[in-house]
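Predicted model, so just to flag it, every value in this text is computed and none were measured.
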Amino acid sequence: MELLLVSTTTALDTRDLQRAIERAAPEGVTVRRATGLFAADGDGVVRDGARSRGATVLVVAPGGPDLLNHALLTVEGARAAGLAVAAVAVAGPGGADLRAPLRERAGCDVVELPDPQTPSSAVAEWPLSEWAVAEPAAAGGAVALAPYAPWESHSVPDPRDAGRYAVDPVLMEIVSAEGPVLASRAYGLYNRAAGGKKLTTIARAPLSGSAYRLRQAGRIELDDSHGEEVLRVAGSPPVRVRELGPRALDEVPLGELAELTRRVRATGATDLARAVLDAYGLVRMTSKAEEILARAKALADEG
């Protein structure tokens with residue numbers, strides 16, 4: 001999970017704000033900052049990098065005569081790219097007559113940041129846990145899917161002999177990036193990064209033990225209510241409706257599929273299985289897909 005602080009002007013220094021949010025944010029939330037959505041970001045621009053990482057945007061705009069214009073342009077630019085906008089933080093004084101219209105039009109939380117150089121007291125009141133998992137706004141009757149942020153694979157030790165102090169931090173990385181994530185997918189990602197091909201029982205055992213330890217420590221939650229183990233950061237929502245990303249259909253948690261089914265039904269779709277595939281950009285209705293989507297529909301029908 002990532003919160004991206006996007007300031008609307010280069011004159012606004014958000015370094016202190018970033019540090020304050022990092023101290024206050026729950027585990028598993030990365031905080032980055034940028035000046036504008038179209039500033040250079042590696043090989044592309046900030047907006048594209050944010051989408052690839054599944055970031056949630058926090059717009060930071062200085063109070064003043066340009067507050068409404070700059071804040072709303074940034075909000076709309078982020079939403080047009082499919083990014084969720086959690087809030088607008090109005091930094092400093094000025095623009096008193098523009099703050100009420102901003103709250104009416106932003107379509108998200110609007111909070112005050114009286115002094116960007118001493119942000120800790122303001123940040124302490126912000127619902128950072130909720131903001132980190134904010135969802136994109138739906139447009140034109142379509143179902144909005146949050147970007148899927150895959151774990152960035154890197155070399156990791158063999159789980160069979162690495163020991164808990166080497167394995168646990170990596171599994172926590174994976175859950176923080178992709179949770180809620182099927183345990184089988186999380187373990188498979190680790191196993192492949194360690195050079196393994198097939199997730200054998202011997203390779204799975206220490207990873208399952210790692211998940212148990214992380215849960216006992218209160219760092220992750222494990223849900224097995226739908227006949228599958230799903231891992232997520234402690235305190236985060238049990239379901240997030242996201243793009244398919246690099247996942248196969250059978251790697252999507254059933255609860256996520258059920259919630260997507262409910263949402264496409266709310267748009268008026270009648271062939272729910274086909275509508276779910278369309279939302280994911282999939283074409284072929286295989287027998288396996290049909291079986292998975294039937295299970296999701298049954299769960300959705302339960303309410």
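The shortest distance between side-chain heavy atoms of L3 and W131 falls below 4.5 Å. By the 4.5 Å heavy-atom criterion applied to side chains, V110 and R99 are not counted as neighbours. Put simply, the side chain of R247 reaches to within 4.5 Å of the side chain of E256, judged on heavy atoms. Residues L231 and E221 form no side-chain contact, since every pair of their non-hydrogen atoms from C-beta on lies 4.5 Å or further apart. Two residues are said to be in side-chain contact when any heavy atoms from C-beta on lie closer than 4.5 Å; V60 and P116 fail this criterion.
Sorted by first and then second residue, the side-chain hydrogen bond (donor to acceptor under 3.5 Å, both in side chains) pairs involving residues 168-181 (not counting sequence neighbours) are Y148-E178, W151-E173, H154-E173, D168-S210, D168-R213, E178-R185. Counting only residues at least two apart or in different chains, side-chain hydrogen bond (donor to acceptor under 3.5 Å, both in side chains) contacts with residues 62-72 are absent.
Atom CZ of R265 sits in a crowded spot, with more than 12 heavy atoms from other residues, nucleotides or ligands closer than 6.0 Å. The 12-atom threshold is not exceeded at CD of E152, counting heavy atoms of other residues, nucleotides or ligands nearer than 6.0 Å. Atom CD of E228 sits in a crowded spot, with more than 12 heavy atoms from other residues, nucleotides or ligands closer than 6.0 Å.
By the criterion of side-chain heavy atoms lying less than 4.5 angstrom apart, applied directly or through intervening Ile, Leu, Val, Met, Phe, Trp or Tyr residues, V230 is not grouped with V233; the two fall into different hydrophobic clusters. No continuous path of ILVMFWY side-chain contacts below 4.5 Å connects I21 to V59, so the two sit in separate hydrophobic clusters. Put simply, L73 and V75 are part of two different groups of oily side chains (I, L, V, M, F, W, Y) that touch within less than 4.5 Å, one to the next.
Not one N or O on the side chain of T9 forms a donor-acceptor pair closer than 3.5 Å with the backbone of L12. Distance alone, capped at 3.5 Å, is enough to place a donor-acceptor pair between the R232 side chain and the S236 backbone.
Rounded to the nearest 0.5 angstrom, R32 CZ and L58 CG are separated by 15.5 Å. Rounding to the nearest 0.5 Å gives a distance of 7.5 Å between CG of L113 and CG of D115. Summarising the geometry, atom CE belonging to M172 is positioned 7.0 Å from atom CD1 belonging to I220; distances are rounded to the nearest 0.5 Å. A distance of 6.5 Å separates CE in M285 from CD in E290, rounded to the nearest 0.5 Å.
Q18 pairs by the side chain to side chain contact (heavy atoms under 4.5 Å, CB included) definition with L5, E22, V31, R33, not counting sequence neighbours. Residues that satisfy the salt bridge (charged side-chain N to carboxylate O under 4.0 Å, His left out) test with D13, not counting sequence neighbours, are R15.
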Using atom types as modelled, flag every donor-acceptor pair under 3.5 Å from a side chain in residues 76-89 to any protein atom, sequence neighbours excluded.
{"from": "R79", "atom 1": "NH1", "to": "A106", "atom 2": "O", "distance (Å)": "2.8"}
{"from": "R79", "atom 1": "NH2", "to": "A106", "atom 2": "O", "distance (Å)": "2.9"}
{"from": "R79", "atom 1": "NH2", "to": "G107", "atom 2": "O", "distance (Å)": "3.0"}

Would you tabulate the side-chain donor-acceptor contacts of residues 186-204 under 3.5 Å, counting partners in other chains and residues two or more places apart, or write 'none'?
{"from": "Y190", "atom 1": "OH", "to": "P157", "atom 2": "O", "distance (Å)": "2.9"}
{"from": "N191", "atom 1": "ND2", "to": "K198", "atom 2": "O", "distance (Å)": "3.3"}
{"from": "T200", "atom 1": "OG1", "to": "A203", "atom 2": "N", "distance (Å)": "3.2"}

